[in-house]
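This report refers to the structure that appears directly beneath it.
Quick note on labels: first sequence line is chain A, next is B, and so on, each numbered from 1. Every heavy atom of this structure was used, including side-chain atoms; hydrogens, water molecules and symmetry mates were not.
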Amino acid sequence: MLQLNYIRENKEEVITRLAIKNFNAKESVEKIISIDSDRRKIQTELDTLNSEANAIAKQVGDLFKAGKQAEATDLKNKSTALKETTKKLEISLSSTEEELNKVLVLLPNLPSVKVPKGKTPADNENVHEEGEMPKLSASAKPHWELTSQYDIIDFELGVKLTGAGFPVYKGKGAKLQRALINFFLDNATAAGFLEIEPPIMVNEASGFGTGQLPDKEGQMYHVGVDNLYLIPTAEVPITNIYRDTILKGEDLPVKNCGYTPCFRREAGSYGKDVRGLNRLHQFDKVEIVQIAHPDKSYEVLEEMRNYVAGILRKLELPFRILKLCGGDMSFASALTYDFETYSAAQQKWLEVSSVSNFEAFQSNRSKIRFRDGNGKPQLAHTLNGSALALPRIVATLLENNQTDNGIKIPKALVPYTGFEMIN
RNA sequence: GGAGAGAUGGCAGAGCGGUUGAUUGCACCUGUCUUGAAAACAGGCUUGGGUAAAACCAACGGGGGUUCGAAUCCCUCUCUCUCCGCCA
């Protein structure tokens, strides 16, 4: 959620920058400013009347003590009359606030000034590319054929148990999952991230805090009887740990990581993009989260970007880094780097990580603050990134490392899998 | 699932109708003392709105009510804890 003061003082800038996200904010911004001015007017009026009523109540108390009942009665009547007006003002204040909030909450975060213009993924800026492109024979297979050839992932069985998008990992396939999770967690903790194992269901307040609710309601699985949501990413519970918290300045940056399964309804997805491991309803992911000082958050973003690049390097996967254009960015993000690995048999780039700075957008919703030099609470910046999401990593590992004798496991991972080949 | 208790500042814990944003202790910050630290003493120490700064207003889990006046009384919702049951 954008800060009201900022909108009020930088009206034109807000509109211009949201246009980079292809969001026409003119009407909303005008509305916000006008409702807010009403709100302040009502607030002031109410404050004045309350102040008066407080004074009367005090006098009545004093008169009672002095035994001057008659005078007290007069004042009582005055106060009763006052109350009718304050009641009305209170109602109008809360409805004004509600109206204001409704508009405010639907405004996306401002893209950072570094964000390139553009409408579609084709407009994303390729900022880095590294690694050797594998040369596969013509008979190279896509991962969904390899997984059934070696019997390591069973998509059909998942359909039987649950539905499409819920694969069953078996044997070395299951072990590979476990190996990757541990590999990612060990790397993250070695880099100073504190490991967290959070709940994988969250309440409404948490969903709101990180920006999934109310606008992305349909993307999460909802457990109706208890009104809880299955998390789409560990970002939600981990960031919400710090909801309604005032951190000490020296606590920053907070660095957390965590492994969780992730659940996404992916309503509206279809076609070849959803083949095999490319898009799932349930998948495993290790997430890294940081809460940073506003002055440092872009340094932190670069640090996280380097960290993710480092893991991909260890896994010997060719990858590229995209700086997302305004049109492809998420609702809450101010700047996002996407990491894509090249999947040789499908001959396409697959997104395996997304690293974002949300600036104060999430922290304003969830009141994540720290005390600055003056001891005043101030909103912190939140950042997170996948490090990494498993399915597409598995897809590229399988495809890129396939040989006639089986699939080679990258060296860095062998201590975790306990085997060098899937065959 | 059944029965009971409770929700107050960073934590512990008073207050149960009259000014209380809230006694007190711990923690924390500043100062005096000290070579330094500890101890002792003095002072400070919730958040939000509002203001140039004040004044002022709001908030004692959420919502509603009674009253001139509510942290305190009533209703309601949510959550937590204890015991019983069930159970990895």
*Without swapping roles, check the side chain of Ser297(A) against the backbone of His293(A) for a donor-acceptor pair under 3.5 Å.*
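Not at all, since once roles are kept as given, no pair shorter than 3.5 Å links the two residues.
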With [atom1] as the reference atom in both, quote the distance from [N] to [M] in angstrom, rounded to an integer.
N	M	atom1	answer
U82(B)	G49(B)	P	37 Å
A22(B)	U47(B)	C1'	14 Å
A71(B)	C60(B)	P	6 Å
U30(B)	C57(B)	P	33 Å
C28(B)	C11(B)	P	15 Å
U72(B)	A58(B)	P	15 Å

Could you state the [atom1]-[atom2] distance from [X] to [N], rounded to the nearest angstrom?
X	N	atom1	atom2	result
Phe370(A)	G10(B)	CZ	P	18 Å
Lys376(A)	C29(B)	NZ	P	20 Å
Leu89(A)	C57(B)	CG	P	15 Å
Arg40(A)	G48(B)	CZ	P	17 Å
Tyr242(A)	G10(B)	OH	P	18 Å
Lys58(A)	U20(B)	NZ	C1'	12 Å
Asp244(A)	A59(B)	CG	C1'	14 Å
Lys87(A)	G64(B)	NZ	C1'	8 Å

_Consider salt bridge (Lys or Arg N to Asp or Glu O under 4.0 Å). Of Arg8(A), Lys31(A), Lys11(A), which one does Asp36(A) pass it with?_
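Checked Arg8(A), Lys31(A), Lys11(A) against Asp36(A); only one passes salt bridge (Lys or Arg N to Asp or Glu O under 4.0 Å): Arg8(A).
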Less than 4.0 angstrom between a side-chain N/O of [X] and OP1 or OP2 of [N], yes or no?
X	N	value
Asn54(A)	C68(B)	no
Asn50(A)	A58(B)	yes
Arg371(A)	U47(B)	yes

*asked:* Working to the nearest 0.5 angstrom, can you tell me the gap between Ser354(A) OG and Asn384(A) CG?
replied: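 With rounding to 0.5 Å, OG (Ser354(A)) is 8.0 Å from CG (Asn384(A)).
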*Any idea how Tyr221(A) and His281(A) line up, ring-wise: parallel (<30°), tilted (30 to 60°), or perpendicular (>60°)?*
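Taking His281(A) first and then Tyr221(A), their aromatic rings stand perpendicular (interplane angle over 60°).
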_Whether Arg178(A) engages the ring of Tyr416(A) as a cation-pi pair (distance to the six-membered ring centre under 6.0 angstrom, angle to the ring normal within 45°) should be assessed._
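Checked: cation-pi criterion not met.
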*Taking the side chain of Lys83(A) as heavy atoms from C-beta outward, which of G69(B), C57(B), U47(B) is closest to it?*
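Ranking G69(B), C57(B), U47(B) by closest atom to the Lys83(A) side chain puts G69(B) first.
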*Among the candidates G48(B), C68(B), G50(B), find the nucleotide nearest to the side-chain atoms of Arg8(A).*
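Per side-chain heavy atoms of Arg8(A), the pick is G50(B).
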*asked:* Taking any heavy-atom pair under 4.0 Å as a contact, classify Asn77(A): base, sugar-phosphate, or nothing.
replied: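 Nothing: the residue Asn77(A), judged by heavy atoms under 4.0 Å, touches no strand.
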